[in-house]
Amino acid sequence: VSKPYNLDLQKIFTVGKDKMLTLPEIAKAMKDNTLIMDQLLKLPFMKSALAIKAGIQMNKTVLSLMTQMRNITTAAMFATANGHVGSGASVADNFRILFDDLVGRTKDPKKLREVMQEALDNGALDSSTIAQELEQMIPELMGGSKVFGKTVIEGTTSDNVMKSLLTGKGPIGKVVGKSMEAYQLGDNLWKLFGYNYVKSQLKPALRNLDDVKKYFRQVYKYDFKPVRADGTKKSLSDALKEIAGIEIRDTYPNYSMIPTFVQNVRKFPFLGNFVAFASEMYRNSFNIVRGGMRKMQSDNPYIRQIGARQL
């Protein structure tokens with residue numbers, strides 16, 4: 001496996017001094033994770049320009065109290081767009097869970113871990129597209145600068161400054177890190193609400209695994225897999241959680257769904273701010289409309305009702 005620019009797998013895939021081998025398709029998948037901008041960011045002026053862009057973005061978003069409050073309130077529009085309005089889940093309960101975790105006052109860590117792990121395992125929670133975009137930029141601003149493979153700037157002094165300002169190694173960095181966590185709370189609040197809301201919607205609609213299989217064929221256009229990778233069978237509860245996770249992943253912003261082209265544009269200092277978020281708006285809007293129309297064509301009246309609310 002040749003080393004990609006943004007993945008350091010050499011220490012993992014070695015046995016002693018010998019390199020490990022893998023199948024060609026696996027090697028290609030690893031190398032495909034390389035972005036064009038990873039090479040350009042080795043140039044000194046590109047790294048400096050990206051640092052300026054990241055500083056401005058951070059100041060206007062995660063370090064702005066007004067933007068923090070706006071993020072929490074306007075993220076409710078994702079729930080509204082999906083028809084997740086009314087009884088079915090509690091915003092207040094979800095906010096209390098996430099806020100207690102943020103400030104370190106969780107009364108029941110085990111319950112919090114179970115709630116968060118369930119949503120994470122089913123793909124409902126990932127990260128804030130904006131906060132994650134800023135977090136991804138931080139390591140890219142550190143390290144030496146190279147031209148034609150030769151190090152021209154070691155960057156030791158600038159690295160120390162960046163570590164102090166942007167990581168937990170400095171007092172300012174700790175404030176920045178906590179601000180990013182608070183910004184992610186705004187997105188995760190509504191994702192967790194939407195996840196629980198969808199589960200409550202599906203309980204009267206899908207009474208058994210046969211209903212689940214039909215739902216997958218009609219809405220997602222592929223077959224439901226009743227067996228996990230470890231060979232254990234899924235229960236009806238597991239299936240409802242899986243569907244809820246798919247719905248939230250497809251119709252709420254999710255950084256892990258950003259295409260490679262947008263990832264390249266995101267790293268270019270001279271193009272628009274937070275293109276990942278704009279990209280997700282197009283994907284979410286398309287999935288909301290397509291999902292609503294497919295649900296409206298279902299022979300299950302409960303599913304048709306869910307589709308009508310979504311549209």
Side-chain angles (χ1 to χ4, degrees), residues 1-4 6-15 19-34 82 97 109-129 132 136 184 187-188 191-203 205-260 263 280 283-284 287 290-291 294-295 298 300 303 306:
V1 180
S2 61
K3 181 179 178 181
N6 60 339
L7 276 179
D8 187 8
L9 302 175
Q10 302 307 300
K11 295 181 180 179
I12 301 175
F13 294 103
T14 55
V15 179
K19 295 181 178 180
M20 293 179 65
L21 301 176
T22 185
L23 297 172
E25 54 269 27
I26 302 299
K28 185 177 185 304
M30 292 179 180
K31 288 186 288 185
D32 283 350
N33 194 47
T34 302
N82 281 280
I97 290 172
K110 183 178 179 181
K111 181 181 179 181
L112 170 68
R113 188 165 55 250
E114 290 175 352
V115 170
M116 299 298 286
Q117 194 61 47
E118 178 190 321
L120 283 167
D121 289 344
N122 290 287
L125 293 184
D126 177 66
S127 57
S128 164
T129 51
Q132 186 68 14
Q136 292 289 334
Q184 288 183 335
D187 284 348
N188 287 338
K191 287 181 184 178
L192 193 58
F193 166 79
Y195 174 73
N196 290 319
Y197 193 96
V198 172
K199 285 197 300 181
S200 68
Q201 278 185 314
L202 294 173
K203 284 181 180 178
L206 306 178
R207 299 299 184 93
N208 51 58
L209 288 179
D210 288 334
D211 289 342
V212 171
K213 293 177 182 178
K214 185 182 295 185
Y215 181 91
F216 267 79
R217 286 193 297 268
Q218 292 179 344
V219 178
Y220 301 139
K221 304 301 181 183
Y222 60 86
D223 292 333
F224 169 68
K225 296 180 180 179
V227 180
R228 298 188 184 88
D230 60 3
T232 58
K233 293 183 178 180
K234 297 177 184 177
S235 64
L236 177 59
S237 177
D238 295 330
L240 296 182
K241 294 174 183 177
E242 181 178 341
I243 294 174
I246 293 172
E247 290 291 326
I248 301 306
R249 183 191 66 200
D250 287 349
T251 59
Y252 284 64
N254 190 311
Y255 192 85
S256 64
M257 306 301 292
I258 306 298
T260 302
Q263 292 182 38
E280 280 299 273
R283 187 183 71 87
N284 297 152
N287 285 332
R290 183 181 66 175
R294 287 179 176 177
K295 293 182 182 77
S298 173
N300 187 323
I303 301 302
I306 294 173

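What you see is a predicted model; the values in this text were computed from it and never measured.
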Item to complete: Check whether more than 12 heavy atoms from other residues, nucleotides or ligands sit under 6.0 Å from atom NZ of Lys221, and answer yes or no.
Response: yes

Worksheet item: If you measure only the distance, is there a donor-acceptor pair under 3.5 Å linking the side chains of Asn300 and Ser298?
Response: no

Discussion item. Testing the basics here: between Leu209 and Lys234, what is the closest heavy-atom pair and its distance to 0.1 Å?
Written reply: CD1-O, 3.8 Å

Practice prompt. Identify the heavy atoms of Lys191 and Ala124 that sit nearest to each other, and give their distance.
Written response: CD-O, 3.6 Å

Discussion item. Main chain of Asn287, side chain of Asp250: is a donor-acceptor contact present, judged purely on distance under 3.5 Å?
Written reply: no

Worksheet item: Taking it one step at a time, do Val115 and Leu192 satisfy side chain to side chain contact (heavy atoms under 4.5 Å, CB included)?
Response: CA-CA 9 Å; Val115 170; Leu192 193 58; 4.2 Å; yes

Fill in: Identified side-chain contact (heavy atoms from CB on, under 4.5 Å) counterpart of Val198 within the set Ile248, Thr251, Ile306
Ile248

Discussion item. Taking side chain to side chain contact (heavy atoms under 4.5 Å, CB included) as the definition, give me every residue that meets it alongside Lys213, ordered by chain and number, with sequence neighbours left out.
Written reply: Asp210, Arg217, Phe224

Item to complete: Begin with the C-alpha distance, continue with both residues' side-chain angles, and end with the deciding distance and a verdict on side chain to side chain contact (heavy atoms under 4.5 Å, CB included) for Glu247 and Gln201.
Response: CA-CA 12 Å; Glu247 290 291 326; Gln201 278 185 314; over 6 Å; no

Worksheet, complete the sentence: CG of Asn82 to OH of Tyr197, rounded to nearest 0.5 Å, is 10.5 Å

Response to the item:
Rounded to the nearest 0.5 angstrom, the CG-NZ distance for Asn196 and Lys241 is 10.5 Å

Discussion item. Nearest 0.5 angstrom please: Ile246 CD1 to Asn122 CG, how far?
Written reply: 8.5 Å

Practice prompt. Working to the nearest 0.5 Å, report the span between CG of Asp238 and CD1 of Ile243.
Written response: 11.5 Å

Worksheet item: For the residue pair Asp211 and Ala205, what are the closest heavy atoms and their distance?
Response: OD2-O, 4.1 Å

Item to complete: Working to the nearest 0.5 Å, report the span between NZ of Lys203 and CG of Leu236.
Response: 10.0 Å

Worksheet item: What's the spacing between Tyr195 OH and Leu120 CG if we round to 0.5 Å?
Response: 10.0 Å

Discussion item. Holding to side-chain hydrogen bond (donor to acceptor under 3.5 Å, both in side chains), I want the full list of residues that pass it with Arg283, two or more places apart in sequence or in another chain.
Written reply: Glu280

Practice prompt. Quick one: sort the Phe216 and Tyr220 rings into parallel, tilted or perpendicular, breaks at 30° and 60°.
Written response: perpendicular

